[in-house]
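For reference, positions follow the sequence shown, starting with 1. Both counts, for ligands and for their atoms, begin at 1 and track the order of listing.
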Amino acid sequence: MRTAHFGGHAADLDLMTSRRWNAPTGPRLFLVYVAVSLVPIVLLGAVLMWHDERTGGERALAQGRAQADVIMQMAIAPALDGRPLSEGLSDSEMTRLWSATDLAVYSGSLNAIRLRAFSGEVVFADNGTRTDPLSGDSPQFVLAVRGGTSTEVVTAPSGSGEQVIRVLQPVVPKATGQATGVLELYLPYEPIAAAVRAQQHQTQLYLAGGLGVMYVVLGLVSWSTTRRLRQYAAEQTHHARHDSLTGLPNRAWFRHQLDEALGRVTDGAKGAVVLVDLDHFKEVNDTVGHQAGDELLRVVARRLSDHVRTDDIVARLGGDEFGIMLPGVSSRDEALAVLRDVQTGLGENVVLGDVTLTVEASIGIALYPEHGTDLSDLLHNADTAMYHGKRGSDRMVVWDPMIATQPTNWHIVRTELQRAIDENELELHYQPKVELSTGTVHEVEALVRWNHPVRGLVPPAEFIPVAESSMLIHPLTTWVIRRALADQRQWRTSGVDWRVSVNISAHNIESPTFVEEVLALIGSADARPDDLNLELTETVIITDSVIADETVARLSAAGFPISLDDFGTGNTGLQQFRHVPAAEVKIDAMFVRDLAVSANDRNLVAAMIDITHRLGARVVAEGIEDARCADWLRSAGCDLGQGFFFQRPARWTDLVARYSVAADSRTREVVGR
Ligand code: C2E
Ligand code: MG
Ligand code: MG
């Protein structure tokens with residue numbers, strides 16, 4: 001299956017990522033919390049219940065004491081006259097006491113009651129007996145004598161064996177309010193204990209219910225917290241692994257996936273890693289703005305994702321660089337087949353508002369395990385292949401040991417070229433454009449050379465592509481124009497008045513400030529636009545860039561003659577004539593080389609001359625190497641010729657020495673061949 005939808009692809013990855021993270025950790029975190037939080041709740045419940053149980057006996061005794069107090073206040077105190085009990089009780093006191101206690105004893109709410117003198121002698125007993133198990137000097141009795149109250153659970157004195165609460169407290173008759181003896185009360189324990197137990201039971205029920213509710217509430221809080229934590233963690237993980245602009249996996253995650261794939265190489269896993277780098281992306285940002293640049297990156301991300309297979313991984317590695325992992329691909333042909341689809345899908349024009357952009361990318365491919373099993377090596381190899389594509393004619397390159405051993409490593413050349421511009425290692429050679437009908441020279445073309453300290457004179461083919469794929473083409477072109485205008489000033493003082501032609505790169509034309517820069521250079525050299533001819537290669541014109549069109553129109557309007565260089569080598573046919581106000585067309589050497597032997601080439605060149613003339617421009621033939629060729633071109637109506645037959649490119653001083661034999665207002669030197 002060849003198509004993978006961008007949204008789905010990214011979303012799948014999302015899910016996979018968060019699932020991986022969540023599966024063990026999320027529910028486990030919650031379960032751990034549920035288990036752990038149960039422990040303190042159970043402990044708290046146990047402690048509270050234990051405490052309740054423990055205080056149950058005390059509460060029964062306190063209730064006994066309260067009942068004794070009531071009996072004391074309601075029945076005993078009103079019945080006594082206030083004399084010390086040691087003096088005995090009067091009959092009326094006895095009667096009142098009997099009537100006050102009888103019913104209580106009878107009904108069983110009072111087990112036994114006695115009144116004692118401070119000596120311990122019993123002066124009143126509900127059962128009438130004065131026999132007494134309690135000694136007068138027991139600590140409980142002594143406490144009551146001193147005004148305190150003692151309460152304890154004992155076996156009933158009646159001998160029934162039943163448990164009772166015994167209360168000993170001072171007898172305080174209402175009449176005097178003075179203690180007169182000791183009240184000894186026996187209250188049945190069981191009803192009080194039952195009431196306390198019922199109370200306890202209820203308390204425990206409330207406690208258990210309360211703790212249960214607390215546990216559930218805490219559980220819910222914890223569940224929602226862990227859920228939010230999980231979501232947050234999943235989001236964080238997603239952010240850490242994805243690029244926010246395109247939603248694609250980022251460099252770190254791509255490396256991780258690749259590393260995992262490489263770990264499976266020992267089990268026979270194969271695949272390819274691909275680096276895709278957009279060409280001229282910086283110019284898009286500089287000319288149509290960062291927003292459009294961002295939009296372009298999103299479009300590219302979508303196209304890449306749409307054109308890979310389902311299991312392939314597309315990532316944005318940063319800037320305008322993308323990575324693709326093709327698992328399972330086992331040969332260069334297989335990789336190229338997948339990537340040709342990608343390249344075709346990528347290559348369609350992108351319309352952003354009223355600007356149409358061409359998307360071009362350089363693609364570098366490295367296969368594993370064939371080209372390496374180490375992550376860094378493999379990425380480095382894909383990178384080398386990609387840069388090889390950038391500076392060569394084939395935009396898609398599979399890594400090969402040959403690439404790596406080439407001496408002109410792109411990075412080295414780029415660094416050295418920067419130095420060359422800064423330290424004036426460049427120089428200009430000039431080649432005359434000869435008027436074929438008269439053999440005179442009005443114009444020379446500046447051709448840059450690099451006087452390399454080690455490599456000697458390096459031709460432009462070896463470093464212009466590097467300058468074009470880095471930003472160095474801008475300072476380089478500026479250098480060339482400044483130098484050419486300075487040289488022109490010099491040769492004018494030597495008696496020749498040649499116009500100078502310079503070669504302009506596509507990248508220059510796509511810069512919106514280019515026109516102002518050239519005008520400034522003209523101004524500071526005290527020259528006129530007409531002194532400088534601008535040669536644009538046909539490929540400059542076919543970039544289909546609005547800015548390039550505008551720049552060319554403005555340059556022409558400013559008075560610069562525009563020349564279409566290498567005519568016939570581009571692939572847009574005559575389309576460029578619709579936009580470019582060309583003053584000159586240079587027929588590429590490819591058509592000129594075989595004029596003497598190829599009738600077809602002669603027909604083509606004749607047609608080109610005719611079209612150019614009809615459009616009001618002049619024709620220059622490039623690469624004339626012999627007299628027959630020059631003669632034929634002259635007879636075919638070609639205006640100017642350039643080539644080794646007339647003159648190889650040379651320093652201007654050498655040209656002046658050769659051509660300044662005679663001069664009028666614009667020097668016309670007869671070529672001596
Ligand atoms: P071009 O502008 O088409 O320049 C003509 C090229 O043809 C020059 O090569 C010249 O030396 C070569 N040539 C001239 N007559 C003959 C001939 O009779 N036979 C053969 N075989 N070749 C001939 P050069 O100097 O190596 O430049 C190559 C290209 O590099 C130029 O093609 C131009 O596109 C580019 N270039 C040169 N200088 C500059 C520059 O300053 N800036 C830019 N952007 N490009 C430059
Ligand atoms: Mg040229
Ligand atoms: Mg040319």
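- At least one N/O/S atom of E445, from backbone or side chain, sits under 2.8 Å from the Mg ion (ligand 2).
- When the N, O or S atoms of E622 are ranked by distance to the Mg ion (ligand 3), OE2 comes first.
- The shortest separation from a heavy atom of R648 to ligand 1 is not under 4.0 Å, leaving the residue out of contact.
- In terms of protein heavy-atom proximity, atom 22 (N) of ligand 1 is closest to F644 CZ, 3.4 Å.
- Put simply, part of P649 is less than 4.0 Å from ligand 1, judged by heavy atoms.
- The heavy atom nearest to atom 29 (C) of ligand 1, considering only P460, G623, A446, C629, is found in P460.
- Protein heavy atom at the shortest distance from atom 10 (C) of ligand 1 is L447 CD1, 3.8 Å.
- Within the structure, the closest approach of R449 to ligand 1 falls below 4.0 Å when heavy atoms are considered.
- Among the backbone and side-chain atoms of N503, an N/O/S atom is found under 2.8 Å from the Mg ion (ligand 2).
- Its N, O or S atom nearest to the Mg ion (ligand 2) is what matters here, and for E535 that atom is OE1.
- At least one heavy atom of Q431 sits closer than 4.0 Å to an atom of ligand 1.
- With a 6.0 Å cutoff to the six-membered ring centre and a 45° limit on the axis angle, R251 does not count as a cation-pi contact of F254.
- The closest side-chain donor-acceptor pair between K433 and S501 falls under 3.5 angstrom.
- Considering backbone and side-chain N/O atoms, V448 comes within less than 3.5 Å of an N/O atom of ligand 1.
- In this structure, atom 41 (O) of ligand 1 is in close contact with the protein, since a protein heavy atom lies within 4.0 Å of it.
- Within 4.0 Å of atom 12 (C) of ligand 1, not a single protein heavy atom is present.
- Checked against a 6.0 Å centroid threshold, the rings of H507 and H280 count as neighbours.
- Under 4.0 angstrom from ligand 1, the non-hydrogen atoms of E622 all belong to its side chain.
- In this structure, a donor-acceptor pair under 3.5 Å is absent between the side chains of D497 and H442.
- Side-chain atoms of V359 and N349, non-hydrogen and from C-beta on, never get closer than 4.5 Å to each other.
- Taking a distance limit of 4.0 Å, we find that atom 32 (O) of ligand 1 is approached by no protein heavy atom.
- T551 places a side-chain N or O within donor-acceptor distance of the main-chain N or O of I509, the cut-off being under 3.5 Å.
- Using modelled atom types and a 3.5 Å distance limit, the side chains of N451 and E425 yield no donor-acceptor pair.
- In summary, the side chains of N503 and E445 do present a donor paired with an acceptor at a separation below 3.5 Å, with no hydrogens or angles considered.
- When you scan the N, O or S atoms of D565 for the one nearest the Mg ion (ligand 3), you land on OD1.
- Side-chain contact, N508 with T477: a donor N or O sits under 3.5 Å from an acceptor N or O.
- Of the listed residues (R593, E625, E462, Q647), the one carrying the non-hydrogen atom nearest atom 19 (N) of ligand 1 is E625.
- A donor-acceptor contact closer than 3.5 angstrom is absent between the side chains of T415 and Q418.
- Between the choices N503, V502, L476, the shortest heavy-atom distance to atom 45 (N) of ligand 1 belongs to N503.
- In terms of distance to the Mg ion (ligand 3), the nearest N, O or S atom of D566 is named OD1.
- No close placement of the W652 and Y430 rings is indicated, their centers lying 6.0 Å or farther apart.
- Checking side-chain atoms of R303 against main-chain N and O of L346 turns up a donor-acceptor pair under 3.5 Å.
- Each of the atoms 3 (O) of ligand 1 lies under 4.0 Å from some heavy atom of D566.
- Neither the backbone nor the side chain of T477 has any atom closer than 4.0 Å to an atom of ligand 1 (non-hydrogen atoms only).
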When you look at D487 and R651, which way does the salt bridge (Lys or Arg N to Asp or Glu O under 4.0 Å) test go after all the steps?
-> CA-CA 10 Å; D487 287 350; R651 294 192 175 86; over 6 Å; no
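- At a distance under 4.0 Å, no protein heavy atom can be found next to atom 6 (C) of ligand 1.
- At a 4.0 Å heavy-atom cut-off, ligand 1 touches E445 through the side chain alone.
- Taking 4.5 Å as the limit, every side-chain heavy atom of S511 sits out of range of all side-chain heavy atoms of D286.
- Here is the list of ligand 1 atoms found below 4.0 Å of a heavy atom in V480: 41 (O).
- Panel note: side chain Q431, backbone Q647; a donor-acceptor pair is recorded below 3.5 Å.
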